[in-house]
Amino acid sequence: MHAARHWRLGKRWAPYLFVSPFFVLFAIFGLYPLLFSAYVSFFRWDGVGEMHWEGLGNYVYALYLEDLPWSRVLSSDFWLDLYERDFWRALGNTLWIGIAASLPQHLVAIPLAWCLHTRLNKTRNAVLGMYFLPFITNSVAIVLVFQAMFSSQYGLVNAVLTGIGQWQVAGVQPLGWLFPTDLVDWDRPDKTKWIVAFVVWWRYVGWNTVLYLAAIQTIPKDLLEAARVDGATRWQQLLHVVMPQLRPMIFFAVTLSLIGSLQLFEEPYVLTNFRGGEVPGGVIQEAETSAMYLLKVALNDGDFGTASAIAWLLFLFVAALTALNNRVLKPKD
């Protein structure tokens, strides 16, 4: 009887035993660091010494909203003053790069996925793999390639742009007003954010194309066939049939872009280091993102309490934007 009872108990707990390694590893390497960072955010700590209670002081210090001209909140002076403060400058750079890189990703990926679905058959997977390749390529390798392409003297980008701008017809440069006729100094700090945004767009547009193509392939063929019978062109099918069906995937892809943009670190950090800035982020931190600023506060300043507070402020900001995206794009039942 006892043996049978033990067998039944063992059989009942066997599934939990098999899945327990995941939960143990998650608790050690995931949950514990998360809770510890929340705990540290209320203390002043250099990483090795004694902790000193700060309460919300680290959060107040990170936000630094003192002495702002609140009476002129609608004026440019207010926002310029806010941008000059480290946390808000880094957050502003992060949002700028995120919008400049993420919005074109989806505007390009949706029609590109539709073209792959409708135009290609046998070679679709090969072409899709070429678009997806940048997503799995090492970040340092990507930065080295783009560093050479955007070289101010010998870069391919300058060669192409100036070649178009200097093109002449009957002694006149008809495209000189639109394209540069002289070499562009891409090493200037005000160009850094544009280059970072372009690299991020190039790297992740293939990923979004894969997502949208997978969603398009799940659309019932009867809907597209009915639209075709009614005389709809391919682009009318995309706008009026495919786009409404893509709404769940658009919500998912945009959510991933929001989270990824606010966590952006690799591309701007490596690129600004290779571009010879005095500190990562460019000479005047033109491309310093929130994740880069967090790292600087923790390692350069040795202020792990404030760095943890910044991490949780970013978490709250990501949660707010995700909730807004959920309200705007989530498919309605």
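Since the model is a prediction, treat every value here as computed from it, not as a measurement. The first residue of the sequence shown is numbered 1, and numbering continues consecutively from there.
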Margin query: Using the rule that Ile, Leu, Val, Met, Phe, Trp and Tyr join whenever any side-chain heavy atoms are under 4.5 Å apart, tell me whether Val145 and Val140 fall into a single cluster.
Written below: yes

Item checked: Non-hydrogen atoms of Ala62 and Thr306 that approach each other most closely -> CB-CG2, 4.1 Å

Notebook entry, point to check: Aromatic rings Tyr39 and Phe43: how do their planes relate, parallel, tilted or perpendicular, breaks at 30° and 60°?
Noted result: tilted

Item checked: Asn326 side chain near Phe251 side chain, heavy-atom distance below 4.5 Å -> yes

Item checked: Same apolar cluster (I L V M F W Y, side chains within < 4.5 Å links), Val127/Ile136 -> yes

Check: Got Trp114 and Gln237 here, is their nearest side-chain heavy-atom distance under 4.5 Å?
Finding: yes

Check: Taking all atoms of both residues into account, what is the closest heavy-atom pair of Ala309 and Asn58, and its distance?
Finding: CB-CB, 3.8 Å

Note to self: Just so I know, are the side chains of Gln236 and Leu239 near enough to count as touching, which here means a heavy-atom distance under 4.5 Å?
What the structure shows: no

Check: Going only through I, L, V, M, F, W and Y residues with side-chain contacts under 4.5 Å, is there a path from Leu35 to Leu294?
Finding: no

Next item on the list: Examine Phe36 and Phe315 and state if one hydrophobic cluster contains both, with Ile, Leu, Val, Met, Phe, Trp and Tyr joined whenever side-chain heavy atoms are less than 4.5 Å apart.
Entry: yes

Margin query: Are the side chains of Asn93 and Tyr83 in contact, using a 4.5 Å heavy-atom criterion?
Written below: yes

Note to self: With a 6.0 Å cut-off (strictly less than), is the heavy-atom count around CH2 of Trp53, excluding the residue itself, greater than 12?
What the structure shows: yes

Checklist line | Reported OG-to-CD1 distance for the pair Ser41 and Ile310, which is rounded to 0.5 angstrom | finding: 11.0 Å

Notebook entry, point to check: Do Tyr64 and Asp86 have side chains that get closer than 4.5 Å, going by heavy atoms?
Noted result: no

Note to self: To the nearest 0.5 Å, what is the distance between CD1 on Ile99 and CD1 on Ile97?
What the structure shows: 11.0 Å

Notebook entry, point to check: Which distance, rounded to the nearest 0.5 Å, do you find between the CZ of Phe23 and the CD1 of Ile28?
Noted result: 14.0 Å

Note to self: With a 6.0 Å cut-off (strictly less than), is the heavy-atom count around CZ of Arg119, excluding the residue itself, greater than 12?
What the structure shows: no

Notebook entry, point to check: Hey, mind stepping through Thr162 and Val184 against side chain to side chain contact (heavy atoms under 4.5 Å, CB included) and telling me if it holds?
Noted result: CA-CA 9 Å; Thr162 56; Val184 179; 5.7 Å; no

Check: To the nearest 0.5 Å, how far apart are CD1 in Ile110 and CG in Leu211?
Finding: 10.5 Å

Next item on the list: Look at the side chain of Ser151 and the backbone N and O of Ala148, then say whether any donor-acceptor pair between them is shorter than 3.5 Å.
Entry: no

Margin query: Between Val200 and Gln105, is the side chain to side chain contact (heavy atoms under 4.5 Å, CB included) condition met? List the steps.
Written below: CA-CA 9 Å; Val200 174; Gln105 285 178 29; 4.0 Å; yes

Check: Do you know which two heavy atoms are closest between Ala298 and Ala307, and how far apart they sit?
Finding: CB-CB, 3.6 Å

Checklist line | Identified side-chain contact (heavy atoms from CB on, under 4.5 Å) counterpart of Val108 within the set Thr209, Leu103, Val205, Asn208 | finding: Val205

Next item on the list: Classify the ring geometry between Phe135 and Trp207 as parallel (under 30°), tilted (30 to 60°) or perpendicular (over 60°).
Entry: parallel

Margin query: Looking at Trp194, I'd like to know if its CH2 atom is crowded, meaning that more than 12 non-hydrogen atoms belonging to other residues, nucleotides or ligands lie closer than 6.0 Å.
Written below: no

Margin query: If I compare all heavy atoms of Thr118 with all of Arg234, which pair ends up nearest, and what's the gap?
Written below: CB-NH1, 3.1 Å

Item checked: Donor-acceptor under 3.5 Å (Ser139 side chain, Glu266 main chain) -> no

Checklist line | Shortest non-hydrogen separation from Met292 to Pro268 and the atoms involved | finding: SD-CB, 3.7 Å

Next item on the list: Evaluate the criterion side chain to side chain contact (heavy atoms under 4.5 Å, CB included) for residue pair Thr289 and Leu262; output intermediate values, then yes/no.
Entry: CA-CA 8 Å; Thr289 63; Leu262 291 172; over 6 Å; no

Item checked: Closest non-hydrogen atom pair between Ser261 and Thr94, with its separation -> O-CG2, 3.2 Å

Next item on the list: Name the orientation class of the two ring planes belonging to Phe304 and Trp45 (parallel below 30°, tilted from 30 to 60°, perpendicular beyond 60°).
Entry: tilted

Note to self: Which residue in the set Trp312, Phe87, Phe42 passes ring pair (Phe, Tyr, Trp, His ring centres under 6.0 Å) when paired with Tyr59?
What the structure shows: Phe42

Next item on the list: Any chance you could measure Ile216, atom CD1, to Met243, atom CE, to the nearest 0.5 Å?
Entry: 9.0 Å

Item checked: Contact check, side chains of Pro174 and Trp167, non-hydrogen atoms, under 4.5 Å -> yes

Checklist line | CD/Glu66: more than 12 non-hydrogen atoms of other groups inside 6.0 Å | finding: no

Show me, pair by pair, the donor-acceptor contacts under 3.5 angstrom made by side chains of residues 73-80, not counting sequence neighbours?
residue : atom : partner : partner atom : Å
Ser75   : OG   : Arg72   : O            : 2.6
Asp77   : OD2  : Arg72   : NH1          : 3.4
Trp79   : NE1  : Val73   : O            : 2.9

Notebook entry, point to check: Do Thr272 and Thr192 come close enough that some side-chain heavy atom pair is under 4.5 Å?
Noted result: yes

Margin query: Would you compute the distance between atom CZ of Arg203 and atom CD1 of Ile142 and round it to the nearest 0.5 angstrom?
Written below: 4.5 Å

Item checked: Same cluster (ILVMFWY, side-chain, under 4.5 Å), Trp202 and Leu107 -> no

Next item on the list: Verify side chain to side chain contact (heavy atoms under 4.5 Å, CB included) between Arg89 and Glu84, making sure each step is shown before the conclusion.
Entry: CA-CA 6 Å; Arg89 183 192 64 246; Glu84 290 176 357; over 6 Å; no

Check: Do Glu267 and Tyr204 have side-chain heavy atoms sitting under 4.5 Å apart?
Finding: yes

